[in-house]
Visitor: 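I am attaching a structure below and will ask some questions about it afterwards.
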Amino acid sequence: MLANFSLVPAPELFDLYGLVLPFLVPSETTVFYFNPSSPSCRWELLQRSQLYDHPQMVWQRAEVYSNLYSRHNSHIFVLACLSRTFYEWQLKSLATTLTRMRSVRVLIEMEGEESFFLASQVLSLCLQHSMLNVGLYFRSFSVFSYRVFPYFKLIKQRISEETQPLIFTNQLVDLGGYQLRVQPDLAPPNSILYRDLRGENRISGFLWQFILTFAENLGAGIEILYPPWSKPKVSTNEYMIELTRNGSSDFGVTPGNIMFKHAERFRDHSYPFMYSNWCTMLPMEKPLGTNSLFTHILSCGSATLLAAMYLVCFLVRPALIRLLKIIICNRLMRLFSRLFFLAMVCGCSAQLLSLLISPPIRSRIHSFDDLLGSSLKIFGMRNEFYFQEGDFRAKYAAAFHLTDSPDDLLDHRNYFNTSWAYTITSIKWLVIEAQQRHFAHPVFRFSEDLCFRWGSPYSLLIAQESIYRERLHHYIIMMVHQSGLIEHWITRSFYDMVKAGRITIKDYSLPRRVQPIQLQDLRLCWRVLGTLLLISFAAFALELLLFYTNVFLNSL
Ligand SMILES: *[C@@H]1O[C@H](CO)[C@@H](O)[C@H](O)[C@H]1NC(C)=O
Ligand SMILES: *[C@@H]1O[C@H](CO)[C@@H](O)[C@H](O)[C@H]1NC(C)=O
């Protein structure tokens, strides 16, 4: 293989090549050769003579190679040849070229004498540009690399046949107590600020728990960047994005909705940790009144059928007995009819009892059309309503009661006022559901039939080129989605709010009063009884009429 060299390079180059080769081995790895100022780098030799079986891209201009990300995947190995005087802006344009690919492996070669100071300068600049996988080589037998956590440390490793230098290690395995800078939004239930028994400020809430567990996973601590507000405003998100953008904070702990607000801003957000539906919570339908329960015992059709069957039996029985002339048949028939009556009476009274104990509810609302037909209205925000499509607004405007003040909505919703239905996200619903567990019976239900938006992705705020982005992505997929931890944390955030004194555990359900059956509840029974009596009187009168007509006719 080495015999292929047309130009015999210096012997140390073989060693270095032996070092670099393992990283280049996967055949799908593309070599990106970055040399903006063309000092005589030794890689020139290699890329011409030895790296020919790898796809190669050579960039020798002093400007940024744009769109590398959209043209290639991350199977790229970067060889960079930088000058001692202009390395600052050269590194900057390399970093810009590697937008969204800062985690690829980079080996930098620098001309001139080996310098510890220069190596430290170059590598700390790499850290500023979020490039962690960097090796620096000065044409000597050693390679510089650096460790980020828990503090910056330059590492110099000699290259020799015996020792395999470790340059491209995974730096995020253990952060050794390094402090991640995290800014909470202090909006319950995401993050809740409270004072513990010793009077110290503490934070709880489901998103806080989420980031705390992430930091624990990395072996890191957390430095809290308190926001300047005590109650979140509309501009919360804007402010927090500014901080992650200018590098003052690593994570903005607020559920940013990527999809519909600023589509072009998705790079400021992490991989979505949750998908939320925006739907309606409806008051539980009221149970039916006692007087209408009787209509649920026997349907009209089955009552008529039973009466007809009884009539047929009554008419057919004497004929049958006469035909068969068997006494046992007569007894069997009588036994059967009595058993039948017993079964009917027991069945009906059991049905009545079960209806009285847990009465069925009034007809459910399954669609916006049902809602229009009922007297119930959805209490919602005016600006959110005008976000809906024109057709929807025109058709269902009457089903909404709109307000401009979020506090007005929250006042009604938080106190479980059943005069209205309310718009709510499925995240917030988990909290309400946890609260309802302390009621004698639930007051509201979450209706997935009345939704305005499905599956909006929610994610944290993170710097565009954050070194934690990939780890957070893995964490979300492996820990949070797969295990359902996030739902658990949201439910638990209700208790965090109770602990922080934001909510008290109180039963907002109205007690169901048990009342004795009254005369008017039996209205249907009286009516049936009256009708049957009338029928039998009529039959009796008819019989008498026939009899006396005959008597009268005979006496003529
Ligand atoms: C980042 O932005 C915030 C908010 O605008 C500002 O207070 C802070 O000084 C900025 N930090 C840097 C390093 O620019
Ligand atoms: C519920 O809301 C209605 C209408 O806003 C109001 O009249 C009523 O007093 C409220 N009920 C409770 C218990 O606050």
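Along the sequence shown, residues are numbered consecutively beginning with 1. Read the numbers this way: they start at 1 and go in the same order the structure lists the ligands and their atoms. Hydrogens, waters and symmetry mates play no part in the numbers below; they use all other heavy atoms, side chains included.
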Visitor: Can I get a per-line list of side-chain donor-acceptor pairs under 3.5 Å for residues 97-104, giving both atom names and the distance, sequence neighbours left out?
Guide:
residue: Thr97; atom: OG1; partner: Tyr65; partner atom: N; Å: 3.2
residue: Thr97; atom: OG1; partner: Ser93; partner atom: O; Å: 2.7
residue: Thr99; atom: OG1; partner: Thr96; partner atom: O; Å: 2.5
residue: Arg102; atom: NE; partner: Ala95; partner atom: O; Å: 2.9
residue: Arg102; atom: NH1; partner: His129; partner atom: O; Å: 2.8
residue: Arg102; atom: NH2; partner: Ala95; partner atom: O; Å: 3.0
residue: Ser103; atom: OG; partner: Glu470; partner atom: OE2; Å: 3.3

Visitor: Would the Phe379 and Phe400 ring centres measure less than 6.0 Å apart?
Guide: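 They do not qualify: ring centres at least 6.0 Å apart.
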
Visitor: Is the shortest side-chain heavy-atom distance between Phe206 and Asn190 below 4.5 Å?
Guide: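 In contact.
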
Visitor: What class does the angle between the rings of Phe210 and Phe273 fall in, given that below 30° is parallel, 30 to 60° is tilted and above 60° is perpendicular?
Guide: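 Ring orientation, 0 to 90° scale: tilted.
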
Visitor: For ligand 2, which atoms have a heavy atom of His412 less than 4.0 angstrom away?
Guide: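 Under 4.0 Å from His412, ligand 2 has these atoms: 2 (O), 5 (O).
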
Visitor: Of the backbone atoms (N, CA, C, O) and the side-chain heavy atoms from C-beta on, which set of Tyr415 has a member under 4.0 Å from an atom of ligand 2: side chain, backbone, both, or neither?
Guide: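 For Tyr415, no heavy atom sits under 4.0 Å from ligand 2.
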
Visitor: For Tyr275, enumerate each residue passing the ring-ring contact (aromatic ring centres under 6.0 Å, His included) test, keeping only those at least two apart in sequence or located in another chain.
Guide: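 For Tyr275, no residue satisfies ring-ring contact (aromatic ring centres under 6.0 Å, His included) once neighbours in sequence are set aside.
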
Visitor: Tell me whether the centres of the aromatic rings in Phe392 and Phe368 are closer together than 6.0 Å.
Guide: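 Judged by ring-centre distance (under 6.0 Å), Phe392 and Phe368 do meet the cut-off.
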
Visitor: Which ligand 2 atoms does Asn417 reach within 4.0 Å, using its non-hydrogen atoms?
Guide: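 This gives 1 (C), 2 (O), 3 (C), 8 (C), 10 (C), 11 (N), 12 (C), 14 (O) as the contact atoms.
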
Visitor: With sequence neighbours left out, write down each residue that passes ring-ring contact (aromatic ring centres under 6.0 Å, His included) with Phe294, or none if nothing qualifies.
Guide: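 For Phe294 there are no ring-ring contact (aromatic ring centres under 6.0 Å, His included) partners, ignoring immediate neighbours.
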
Visitor: Establish, yes or no, whether a centroid distance under 6.0 Å links the rings of Phe251 and Phe214.
Guide: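 Centroid distance Phe251-Phe214: below 6.0 Å, so yes.
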
Visitor: Hey, what polar pairs (N/O, under 3.5 Å) does ligand 1 make with protein?
Guide:
residue: ligand 1; atom: 2 (O); partner: Asn246; partner atom: ND2; Å: 2.3
residue: ligand 1; atom: 5 (O); partner: Glu242; partner atom: OE1; Å: 2.5
residue: ligand 1; atom: 11 (N); partner: Asn246; partner atom: ND2; Å: 2.9
residue: ligand 1; atom: 11 (N); partner: Ser248; partner atom: OG; Å: 3.1
residue: ligand 1; atom: 14 (O); partner: Asn246; partner atom: ND2; Å: 3.2

Visitor: Could you list the atoms of ligand 2 found under 4.0 angstrom from a heavy atom of Ser419?
Guide: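 Per the distance check, 1 (C), 2 (O), 3 (C).
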
